[in-house]
Amino acid sequence: EIFLYDIELNQSKVQIKNGKNISNNDGYDNQPSFLDDNTILFASTRTGQTDIASLNLQSNLKTFINATEGGEYTPLKIPNQDAVSAVRLDKDGLQRLYSYNLSDGKSSELIKDLVVAYYVWYNSDIVVSAVIEGEQLNLYSTNIKKETSKKLATNVGRSIHKIPNSNLISFISKTNTKQWQIKSLNPLTGKTKLIANTLKGVNDICWLNEKNLLSGNKAVLYKLTLQKDYNWKKVKNLTDDGILNISRIATNINGTKLLITGDLATNSDSSNIMDNNQQISEAQASLIVDKHIEPFNKRNLTEFSNAVNTNVIVNK
């Protein structure tokens, strides 16, 4: 499930609060990111199919951007375009990075011949990605316009991010098998530099700002303030929210909201941390969402507009 928190940073002290489960779905929900401050993208399963979901935080309306036969993962906004990108895994096993138009859902292949697993946009032309080669992931920089790719590092992790207020990318190097390391990369020059060690065996980090990183180990969220903290410091244990294991984490551009993907305890009722005034039954939610999804996917603006009821908040 995917959880949304408010996050506050006072000097180097991090606090998170007002957590709620925003996916609340029986299927797979993962890899969240912010399209903008009011809209969240994530991979979500419906009727056995994983597609790109979009959630409006004001209306709590969940819609799907695409409806392909393949499964889509890791959706991200493409800079300076009315489009998002995602890794598509087709039924025949082909895995490639695609773009999806936000207005009509049409897709086109972005990178040929590379099996992209995880990635980040450096700018509107350059993608830095972890590519599957043999039994490991290797780091590539690809210029989409020029259709050129260059290998920059080997044996990397899945967590790749732009470092705020810089011209650098961060990635996790696994070349030291005893201690994984967070490194910076300039995709234009290929120069790398050590930033810090990860929590032992942890794959996922994100940047709160240019000095503060976040990461999770099991149910505990940690922070690391560069040039101040000697080790990762505990922020909060999330077991009370029903989370057993933290995986993907992401913040908005202002560092005021935090998204956490977490595996839930089998006996957890994650709806308990939601606002009771915003809860409706699963059957009600399903009917409301279907009423919106069908005209949206058919691109029927009239039916979609008629389906909108601002007095109903959808959580499913």
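Scope of the values below: all heavy atoms of this structure, side chains included, with no hydrogens, waters or symmetry mates.
Between the side chain of Asp229 and the main chain of Trp232, no donor-acceptor pair closer than 3.5 Å is present. Put simply, the side chain of Gln95 gets close to the backbone of Val116: a donor and an acceptor are under 3.5 Å apart. Remark: the backbone N or O of Leu168 is paired with a side-chain donor or acceptor of Ser166 at under 3.5 angstrom. Side chain of Asn21 to backbone of Asn24: a donor-acceptor contact under 3.5 angstrom is found. Using modelled atom types, one side-chain atom of Asn25 and one backbone atom of Thr45 make a donor-acceptor pair closer than 3.5 Å. Thr198 places no side-chain N or O within donor-acceptor distance of the main-chain N or O of Lys200, the cut-off being under 3.5 Å. For Asn123 (side chain) and Asp125 (main-chain N/O), a donor-acceptor pair under 3.5 Å exists by modelled atom type. Not a single donor-acceptor pair under 3.5 Å links the side chain of Ser23 to the backbone N or O of Glu1. Remark: side-chain polar atoms of Ser124 are not paired, donor with acceptor, to backbone N or O of Ile78 under 3.5 angstrom. Side-chain atoms of Tyr98 do not come within 3.5 Å of backbone N or O of Ile111 as any donor-acceptor pair.
Between the CG atom in Asn10 and the CD atom in Gln15 there is a gap of 7.5 Å [rounded to 0.5 Å]. With values rounded to the nearest 0.5 angstrom, Ile246 atom CD1 is found 8.0 Å from Asn237 atom CG. Rounding to the nearest 0.5 angstrom, the gap separating the NZ atom in Lys211 from the OG atom in Ser12 is 10.5 Å. Put simply, OG1 on Thr39 and CG on Leu55 are 8.0 Å apart, with the number rounded to the nearest 0.5 Å. Note that CG of Asp204 and CG of Asn217 are 11.0 Å apart. Values are rounded to the nearest 0.5 Å. In this structure, the separation between CG on Leu139 and CG on Leu137 is 9.5 Å, given to the nearest 0.5 Å.
When side chains are defined from C-beta on, Ile243 counts as touching Phe3, because their heavy atoms get closer than 4.5 Å. Contact of the Ser54 side chain with the Lys62 side chain is not registered, since no non-hydrogen atoms from C-beta on lie closer than 4.5 Å. Between Pro32 and Thr261 there is a side-chain heavy-atom pair separated by less than 4.5 Å. Considering only heavy atoms from C-beta on, Leu41 comes within 4.5 Å of Val84 through its side chain. Using a 4.5 Å heavy-atom threshold, the side chains of Val156 and Thr175 count as separate. Two residues are said to be in side-chain contact when any heavy atoms from C-beta on lie closer than 4.5 Å; Ser141 and Ile126 meet this criterion. Contact check for Leu259 versus Thr251: no side-chain heavy atoms found under the 4.5 Å cut-off. You'll find the side chain of Ile172 stays beyond 4.5 Å of the side chain of Asn203, heavy atoms only.
Residues Gly157 and Ala130 share a closest heavy-atom pair of O-CB, 3.9 Å. Among all heavy-atom pairs drawn from Gly255 and Leu208, the shortest one is O-CD1, 3.5 Å. Here the closest heavy-atom approach between residue Asn60 and residue Leu57 is recorded as OD1-O, 3.6 Å. Pairing each heavy atom of Lys106 with each of Asp104, the nearest pair is N-OD1, 3.0 Å. Between Thr74 and Ala117, the shortest heavy-atom distance links the atoms OG1-O, 4.4 Å. Taking all atoms of both residues into account, the shortest heavy-atom contact from Ile163 to Ser184 is CD1-CB, 4.0 Å.
More than 12 heavy atoms of other residues, nucleotides or ligands lie within 6.0 Å of NZ in Lys77, so this atom counts as buried by the packing criterion. Crowding of Leu194 atom CG: a count of heavy atoms from other residues, nucleotides or ligands under 6.0 Å exceeding 12.
Asp29 and Ser44 form a side-chain donor-acceptor contact under 3.5 Å, judged by distance and modelled atom types alone. Residues Thr225 and Asn212 have side chains that bring a donor and an acceptor to within less than 3.5 angstrom of each other. Counting only N and O atoms by type, the side chains of Asn138 and Gln136 include a donor and acceptor under 3.5 Å apart. When only modelled atom types and interatomic distance are considered, Asp241 and Tyr5 share a side-chain donor-acceptor pair under 3.5 Å. No side-chain donor from either of Lys218 and Thr239 sits under 3.5 Å from a side-chain acceptor of the other.
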- Could you go step by step and tell me if Leu213 and Ile182 meet the side chain to side chain contact (heavy atoms under 4.5 Å, CB included) rule? CA-CA 10 Å; Leu213 296 95; Ile182 304 167; 4.0 Å; yes
- Task: Please lay out, stage by stage, how Ser85 and Tyr119 fare under the test side-chain hydrogen bond (donor to acceptor under 3.5 Å, both in side chains).
- Result: CA-CA 10 Å; Ser85 53; Tyr119 69 100; 2.8 Å; yes
- Message: Could you walk me through whether Asn66 and Glu72 satisfy the side-chain hydrogen bond (donor to acceptor under 3.5 Å, both in side chains) test, starting with their C-alpha distance in whole Å, then the side-chain angles of each, then the deciding distance to 0.1 Å, before giving a yes or no?
- Response: CA-CA 9 Å; Asn66 70 304; Glu72 275 76 20; 2.8 Å; yes
- Trp180 vs Ser173, side-chain hydrogen bond (donor to acceptor under 3.5 Å, both in side chains): CA-CA, chis, key distance, verdict: CA-CA 6 Å; Trp180 297 346; Ser173 172; over 6 Å; no
- Step-by-step side-chain hydrogen bond (donor to acceptor under 3.5 Å, both in side chains) determination, Thr256 to Asn254: CA-CA 6 Å; Thr256 57; Asn254 297 319; 5.1 Å; no
- Stepwise side chain to side chain contact (heavy atoms under 4.5 Å, CB included) check, Ile52 with Tyr100: CA-CA 9 Å; Ile52 305 169; Tyr100 299 81; 3.7 Å; yes
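By the rule that hydrophobic residues join a cluster once side-chain heavy atoms approach within less than 4.5 Å of another member, Ile7 and Val220 end up as members of separate clusters. Ile22 and Phe34 fall within a single hydrophobic cluster, where Ile, Leu, Val, Met, Phe, Trp and Tyr are joined by side-chain heavy atoms under 4.5 Å apart, directly or via other members. Transitive grouping of hydrophobic side chains (ILVMFWY, heavy atoms separated by less than 4.5 Å) brings Phe171 and Leu188 into a common cluster.
Paired with Leu214 under the rule side chain to side chain contact (heavy atoms under 4.5 Å, CB included), one option of Leu258, Leu224, Ile16 passes, and it is Leu258. Screening Asp113, Thr142, Asn143 for a side chain to side chain donor-acceptor pair (under 3.5 Å) with Ser149, the sole residue that qualifies is Thr142. Checking each of Val127, Leu185, Ile160, Ile169 against Tyr122 for a side chain to side chain contact (heavy atoms under 4.5 Å, CB included) leaves exactly one that passes, namely Ile169. Exactly one residue among Leu102, Ile40, Ile65, Asn56 makes a side chain to side chain contact (heavy atoms under 4.5 Å, CB included) with Leu35. That residue is Leu102.
Ion pairing between Glu8 and Lys13 fails under the 4.0 Å rule for side-chain N and carboxylate O. Under a 4.0 Å N-O distance rule, the pair Asp37/Lys257 does not qualify as a salt bridge. Lys17 and Asp6 are not joined by a salt bridge, as no carboxylate oxygen comes within less than 4.0 angstrom of a charged side-chain nitrogen.
Judged by the 6.0 Å and 45° rule, Lys150 forms no cation-pi pair with Tyr140. Judged by the 6.0 Å and 45° rule, Arg88 forms no cation-pi pair with Tyr73.
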